[in-house]
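Data first, discussion second: the structure below is written as C-alpha cells.
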Number of protein chains: 2
Amino acid sequence: MAGRVQNPRPTLEMVAAAAGVSRGTASRVLSGATNVSPAAVEAVHKAAAELRYRPNLSARSLVTGRTGLVGLVVNESNDHLFSDPYFAEVARGAHDALSEADVAMVLTLAGDARERDRLIELAALRLDGLLVIHGHSDVELVRGIERMHIPAVFSGRVPITGTSTVWYVDADNRGGARAATEHLLARGCRRVVTITGPRDMAAGHDRHLGWLDAVTDAGLPSSDDHVAVGDFSTDSGRAAMTRLLAAMPDLDGVYVANDLMAFGAIAVLAEHGRSVPGDVAVVGFDDVEAARTSNPPLTTVSQPMAGIGRRMAELLLQQLADPELDPVHEVLPTTLVVRDSA
Amino acid sequence: MAGRVQNPRPTLEMVAAAAGVSRGTASRVLSGATNVSPAAVEAVHKAAAELRYRPNLSARSLVTGRTGLVGLVVNESNDHLFSDPYFAEVARGAHDALSEADVAMVLTLAGDARERDRLIELAALRLDGLLVIHGHSDVELVRGIERMHIPAVFSGRVPITGTSTVWYVDADNRGGARAATEHLLARGCRRVVTITGPRDMAAGHDRHLGWLDAVTDAGLPSSDDHVAVGDFSTDSGRAAMTRLLAAMPDLDGVYVANDLMAFGAIAVLAEHGRSVPGDVAVVGFDDVEAARTSNPPLTTVSQPMAGIGRRMAELLLQQLADPELDPVHEVLPTTLVVRDSA
DNA sequence: CTGAAAGCGCTTACAG
DNA sequence: CTGAAAGCGCTTACAG
C-alpha cells in the first residue's frame, strides 16, 4: 500500500511506446539530436508532454559520467561570509547561469580542515566542477583543489605560481582604484593618501597598486606616510584615517580600498572638523547599498558582482565541455560612481 | 589519448574480484549489512581501501531511487537573505547534520515566480527532500511545496490551515518574549511597552503574544498605546520608540521584538535624555553579534539558530526514512542573556 | 533515419 | 552466509 499510492514515473520506454518509436529514437529526440525525422520529433515530444515525462537523471549520469552538479565552495568562516553582499551577488549570478544550463549548485563550506576534507570527498563522489568564492587567500584550498584535477573557477585573482592550472574571474581592482584616484586628482586634490586592505588579499594589493599608478603618473608623492593599512572593517578605517591625519594634516584627498573603511574615515574627518568633500574628498570601493544613503552619499567604484558569478559559471561550463582547455583569467571592468563625497 | 590519462575508477566488480567474493557480497559488506562472514567483511574492506574504491552514486541512486541530495530553499529576495545571520547559522547547522549522513545540500533560491518554478522542476528531478528557510511568510511557496508531496521541513512556525502536512522547527518565540518581559517586571518596571515586528510574520506575532502573556499575568495594562509596530529594522525601532514616548512619557520598560529595533529605540531614548537601564530598561531578541558591544550591552533573548538548522535536517532525514510519519512541529527553547540594558 | 542491443555500476530478492 | 541473476532508466555505437 505505502509507496504504491503515486503513479509510477513514466520512463523513456513508455514515451517511446506512446510515440510508436524505439527507445533509442526517443532518446535522440529528447536530447536534441538532429538526425531524426520530423515525424518522430513531433510524436516523441507530444508523447513526452502528455505523459509529463521527466528523465531520470541518475540513469543519465550513470551512462554519461556527469552528475550535472557543481559545488559552490566558500572558504570564509561563515559568519562573515553570509553577511558579505559580494558572496550573495556572486552566488546569484552563478546560480542563474547554471540554472539555464540545467546544472544545480551544491553549497559547500570549506572553512576548516574538516570541511575541506568533506569537500574533497563530495567533489570526488558527485560534482562535475567547482566554483570557488575565494575571500581570504587560502593557499591550502587552492592547492587541494588543483590536486583533485577537477574543473574549477575561482572568484578573485589567485596568485599564480609556476605552472598553475587555476582559472579565475576578477574585477578590475587595479583599474578601478586608478580611476578613483584620478577622479580625486581631476577635482584638484594634490595631497592624496590611501587606506588599503590587508596585504595578503589580492583585492587589497591590487587596489593599492591602482592608487600608486595614478599618483605616480601625476608626479605626486606616494611615500609610506601616504598609506595606512586597514582590514576592510569600518573601525579599521577610523583608525587608519586618524593616523593619516596625524602624519599629514593638510591631506586633501583619500582613496579608500572599500566602502566600509571609507565610512569610518569620513566619520573621523567629521570629528576633526573637516568637511567632505569641501576640505577632503573621499572615494571608496564596492558600491555597497549604504553608499547611496550615507552622509554624504559616497563616490565609489562599483564592481559587477553578479556578472563575476555568471562569468565564473560560464567558464566552468566551458571547461566541462572541453577539459583540455588552457586556463582563462578574466578581468571584468569596474565603474566609478560619482556621488557627493568626491 | 585525452580521457585515457586517468586510471579508470575502480568499480565494485574490481573490489569483489580483489577480495575473492561476488559483487553481491561486496555490496553487502560496504553497505554495512550484518549477514556477512567476518572473513568477507575484512577482505572486502581491505580491497576497497587498497583500490581507493568510491561508489558510483549515480548507479546507486538508479536502483535505490534516492539521490542523496536535499534542497535548501530560501524565499527571501537575496540581498536580505544573505546578510541575515539567521540564514547563515541555520544553513550551517543543517549542513553539518546532513554531511554526517552523507547527504549534500543544494542551494535553491525561490525569491520570485521564475525561481519557484525552477525549484519545483529541480525537486522533481533530483532532490530527496527540502529544507525551507521561511523568512517572510510565503503562502504560495508553502502550498507549492505541499502540492509536490516531497518531504520538507520549514524553519519558523508555519501557520497551519486545515489538514496541513507541514513539518517545522521553530524557536520558542512566545516563551522567550515572555521571559524577557518578566525580566523587566522582576527589575521593578511597571509601565512596560513593546515594539513588535510585522503582524504577518509568525515570529513577530508570537513575540508579541509573549509580551502580552507576561503583562497580563502581572495584572498590568496592555492597551494599544503600549504597542508600536515596527518592521525589524533599526529605523523602524527609532520611529516606534518616538511614538511610544509621546503616548506614554513615563514608560519604564521596553520589550523590543528584535535587537536591531532595540538599538534604534535606545538611540531615541538617549536623545530624549533617558538613561538605559536607569530610567528605562530595554530587552531585545535575537542576540546578534552587536548586542555584546552596543552601548549599553544589550540584554536580549538568544535562539539556537544552528540548532534549528540541525534539527530541521534530522527531521528531514526521519521523513526520508519513513514517508508515512505524521507531521512534527518542534519548538526549541530560547535563553535570556542578561547584560546591561535591563 | 531507426531499431536492437550492449552496457553504465550498483542493489536486492531468490535459491541454496 | 553467499553467488548468480535480474533490473534500475538511460545513452550510444553498430548495422542496416
Side-chain angles (χ1 to χ4, degrees), chain A residues 3-4 6-45 47-48 51-69 102 124-126 128 320-321, chain B residues 3-4 6-45 47-48 51-69 102 124-126 128 320-321:
Chain A
R4 189 65 60 76
Q6 308 264 8
N7 288 342
R9 252 172 83 165
T11 67
L12 229 210
E13 186 78 55
M14 299 164 67
V15 173
V21 301
S22 74
R23 187 155 28 100
T25 298
S27 175
R28 282 183 281 260
V29 169
L30 262 15
S31 67
T34 56
N35 51 344
V36 195
S37 72
V41 171
E42 193 186 327
V44 170
H45 277 136
L51 296 176
R52 298 169 158 277
Y53 170 72
R54 318 267 72 168
N56 179 317
L57 264 25
S58 300
R60 176 180 292 172
S61 291
L62 181 55
V63 28
T64 62
R66 290 278 195 70
T67 62
L69 249 32
D102 283 325
L125 243 36
R126 58 191 340 164
D128 291 338
L320 261 24
Chain B
R4 189 65 58 75
Q6 308 263 6
N7 287 342
R9 253 171 83 165
T11 67
L12 228 209
E13 185 78 57
M14 297 164 67
V15 173
V21 301
S22 74
R23 186 153 31 100
T25 298
S27 175
R28 282 183 280 262
V29 170
L30 263 15
S31 67
T34 55
N35 51 344
V36 195
S37 71
V41 171
E42 193 186 330
V44 170
H45 277 136
L51 295 177
R52 297 166 158 279
Y53 171 73
R54 317 266 71 167
N56 180 317
L57 263 27
S58 299
R60 178 179 292 172
S61 291
L62 181 56
V63 26
T64 62
R66 290 277 194 72
T67 63
L69 250 30
D102 282 326
L125 243 36
R126 57 191 343 163
D128 291 339
L320 261 24

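Note that this is a predicted model, so its numbers are computed, not measured. So that the names make sense, note that chain A is the first sequence line, chain B the second, and so on, each numbered from 1.
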Quick one: [X] [atom1] to [N] [atom2], roughly how many Å, whole number?
X     : N      : atom1 : atom2 : answer
A:E13 : C:dA5  : CD    : C1'   : 13 Å
B:R9  : C:dC8  : CZ    : C1'   : 12 Å
B:N35 : C:dA13 : CG    : P     : 12 Å
B:L12 : D:dG3  : CG    : C1'   : 14 Å
B:L62 : C:dG7  : CG    : P     : 17 Å
A:R66 : D:dT11 : CZ    : C1'   : 14 Å
B:R23 : D:dC1  : CZ    : P     : 22 Å
B:M14 : C:dG9  : CE    : P     : 10 Å

Has A:R52 got a side-chain atom pairing as donor or acceptor with A:R9's backbone, closer than 3.5 angstrom?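 Not a single qualifying donor-acceptor pair exists.
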For [N], does either OP1 or OP2 sit under 4.0 Å from a side-chain N or O belonging to [X]?
X     : N      : answer
B:T25 : D:dG3  : yes
A:S58 : D:dG9  : no
A:S37 : C:dC1  : no
A:S61 : D:dC10 : no

Of all the nucleotides listed (D:dT2, D:dC8, D:dT11), which has the minimum atom distance to the side chain of B:V63? D:dC8
Looking only at the side chain of B:R60 (C-beta and beyond, no hydrogens), which of the listed nucleotides C:dT2, C:dC10, D:dG3 gets closest?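 Per side-chain heavy atoms of B:R60, the pick is C:dC10.
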Remember a base hit wins even if backbone is also touched, and classify B:S27 as base, sugar-phosphate or nothing at under 4.0 Å, heavy atoms. base
Which part of the nucleic acid, if any, lies within reach of A:N56 when heavy atoms closer than 4.0 Å are counted: base, sugar-phosphate only, or nothing? sugar-phosphate
If you assign B:R28 and B:A59 each to the DNA chain C nucleotide with the nearest heavy atom, which residue ends up on the more 5' nucleotide? B:A59
If you pin A:Y53 and B:G24 to their nearest nucleotides in DNA chain D, which one's is more 5'?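 By nearest-heavy-atom nucleotide position, the 5'-most residue is B:G24.
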Measure across B:R66 and B:L320 and return the closest heavy-atom pair with its distance rounded to 0.1 Å.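 In terms of heavy atoms, the two residues are closest at NH2-O, 2.6 Å.
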Point-to-point distance, once rounded to the nearest 0.5 Å, from CZ of B:R126 to OG1 of A:T67: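 Reported value, rounded in 0.5 Å steps: 6.5 Å.
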So how far is it from B:L57 CG to B:L69 CG, rounded to the nearest 0.5 Å?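 These two atoms lie 9.0 Å from each other.
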Should C:dG16 form a Watson-Crick or G-U wobble pair with both distances under 3.5 Å, which nucleotide is its partner?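 The answer is D:dC1, by the H-bond criterion.
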Side-chain heavy-atom pair A:V36, A:T25 within 4.5 angstrom cut-off: yes
